[in-house]
Amino acid sequence: MPSYPELSGRVVAVTGAAQGIGAVTARMFAGQHAHVALLDIDEAGMKQGADEIRTAGGRALAVRCDVTDEQSVAQAIAATVGEFGGLDVLVTSAGGYTRLATVEDMSVEEWDRTMTLNLRSVFLTCRAAIPHLKRSRAGRIINVASISGRTVFTASSPAYGASKAGVIQLTRFLAYQLGADNITANAIAPITTLTPRVVALRTEEDIERIASQVPLKRLATPEDHAQAMLYLASDAAAYINGVVLDINGGRVMM
Ligand SMILES: NC(=O)c1ccc[n+]([C@@H]2O[C@H](COP(=O)([O-])OP(=O)(O)OC[C@H]3O[C@@H](n4cnc5c(N)ncnc54)[C@H](O)[C@@H]3O)[C@@H](O)[C@H]2O)c1
């Protein structure tokens with residue numbers, strides 16, 4: 001695994017850190033000796049992740065945070081800064097959807113819920129983090145979008161895809177508006193990744209079919225995405241701003 005010594009001691013807040021891509025990302029930042037705040041609504045999952053990091057000798061804080069709620073987000077970012085003295089990197093991984101849907105069968109309630117979880121949440125979290133990232137020497141925003149926000153390649157959810165396309169465009173605005181403060185904002189766009197949520201959502205045949213269409217002949221792992229996020233947070237990526245990094249094994253090339 002590559003080593004980024006400059007990440008040692010940097011303060012990293014990861015939303016959705018109790019499970020899946022966020023959990024692995026939190027653990028891998030801690031592996032670089034970053035100080036990690038795990039933000040999630042799943043208190044047991046967060047606590048387990050934070051305990052594992054501490055047992056391995058790292059510094060971690062578990063903060064209950066509902067990313068859809070303005071006050072909860074503000075409190076969680078304040079708690080992170082209170083514990084670690086600042087904030088250098090924000091990773092927004094909380095998100096997802098629970099049903100393969102069509103526009104015709106989607107209720108307004110499902111549309112709003114999906115947009116709120118995936119897009120409003122990123123706005124709220126980034127907005128709360130910005131004043132602190134401005135005080136960092138190397139502020140970084142890394143938003144977790146999706147291949148579903150880039151193109152339509154398999155059954156998914158139109159609300160989810162639209163929300164992730166929104167995350168990508170929000171990221172570009174952040175990159176444009178915060179560059180002068182030495183903050184970069186980038187997004188990653190993962191393909192189907194075998195996290196517990198996805199295993200519950202898709203059949204085995206579905207997973208095999210999607211994997212067979214990927215030039216690399218496998219789905220992504222959370223580690224594939226976490227590696228990319230370590231790089232985007234590192235000094236080596238200091239001039240990368242406003243990009244969408246497609247992490248999809250070459251399934252869709254643009
Ligand atoms: N897994 C994939 O195939 C895949 C593909 C593309 C993009 N993504 C994106 O990657 C991110 C992580 O996906 P995953 O599959 O690891 O998800 P996951 O379901 O495994 O984990 C999501 C985490 O977010 C937390 N969460 C849910 N609602 C929350 C809320 N309101 N406030 C705070 N935390 C909340 C959950 O408790 C959970 O710990 C999501 O944004 C997802 O859209 C995932």
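Numbering starts at 1 and runs along the sequence shown. Counting starts at 1 for both ligands and their atoms, following the listed order.
Defined by atom type and a distance below 3.5 Å, a donor-acceptor pair is missing between the side-chain atoms of Thr25 and His225. Residues Thr184 and Asn241 have side chains that never bring a donor and an acceptor to within less than 3.5 angstrom of each other. Thr15 and Ser93 are not linked by any side-chain donor-acceptor pair at a separation below 3.5 angstrom, with hydrogens and angles left out of the test. Using modelled atom types, one finds a donor on one side chain and an acceptor on the other under 3.5 Å when comparing Gln48 with Glu52.
For atom 3 (O) of ligand 1, the closest non-hydrogen atom on the protein side is Thr193 N, 2.7 Å. Summary of contacts: the protein heavy atom closest to atom 24 (O) of ligand 1 is Gly16 CA, 3.4 Å. Among all non-hydrogen protein atoms, the one lying nearest atom 42 (C) of ligand 1 is Tyr160 OH, 3.5 Å. For atom 18 (P) of ligand 1, the closest non-hydrogen atom on the protein side is Gln19 NE2, 3.5 Å. Given atom 12 (C) of ligand 1, the protein heavy atom at minimum distance is Ser93 O, 3.2 Å. In terms of protein heavy-atom proximity, atom 29 (C) of ligand 1 is nearest to Ile41 CD1, 3.6 Å. Nearest protein heavy-atom neighbour of atom 44 (C) of ligand 1: Arg197 NH2, 3.5 Å. Scanning the protein heavy atoms around atom 38 (C) of ligand 1, the nearest turns out to be Asp40 OD2, 3.6 Å.
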Margin query: Could you go through Val14 and Asp40, starting from their C-alpha distance and side-chain angles, then the distance that decides it, and tell me whether this counts as side chain to side chain contact (heavy atoms under 4.5 Å, CB included)?
Written below: CA-CA 9 Å; Val14 182; Asp40 208 294; over 6 Å; no
Checklist line | Full working for side chain to side chain contact (heavy atoms under 4.5 Å, CB included) between Met229 and Ile188 | finding: CA-CA 8 Å; Met229 289 193 266; Ile188 65 162; 3.7 Å; yes
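The nearest non-hydrogen atom to atom 33 (C) of ligand 1, considering only Pro222, Gly149, Cys65, Ala18, comes from Cys65. The residue from Ile207, Thr15, Asp42, Asp66 that puts a heavy atom closest to atom 31 (N) of ligand 1 is Asp66.
In terms of hydrophobic clustering, with Ile, Leu, Val, Met, Phe, Trp and Tyr side chains grouped at heavy-atom distances under 4.5 Å, Leu39 and Ile142 are assigned to different clusters.
Taking a cut-off of under 4.0 Å to the non-hydrogen atoms of Leu117, the atoms of ligand 1 that pass are 28 (N), 29 (C), 31 (N). Each of the following atoms of ligand 1 lies closer than 4.0 Å to a heavy atom of Thr192: 3 (O).
Contact between Gly242 and Arg172 at its shortest, heavy atoms only, is O-CG, 4.1 Å.
Using a 4.0 Å cutoff on heavy atoms, Ala145 counts as a contact of ligand 1. The shortest separation from a heavy atom of Ile147 to ligand 1 is not under 4.0 Å, leaving the residue out of contact. Contact analysis puts Lys164 in contact with ligand 1, with a non-hydrogen atom separation below 4.0 angstrom.
The environment of CD in Glu70 is sparse: at most 12 heavy-atom neighbours from other residues, nucleotides or ligands sit within 6.0 Å. Residue-environment remark: CD (Glu204) stays at or below the threshold of 12 foreign heavy atoms within 6.0 Å.
Looking at Ile191 against ligand 1, only its backbone comes within 4.0 Å, counting heavy atoms.
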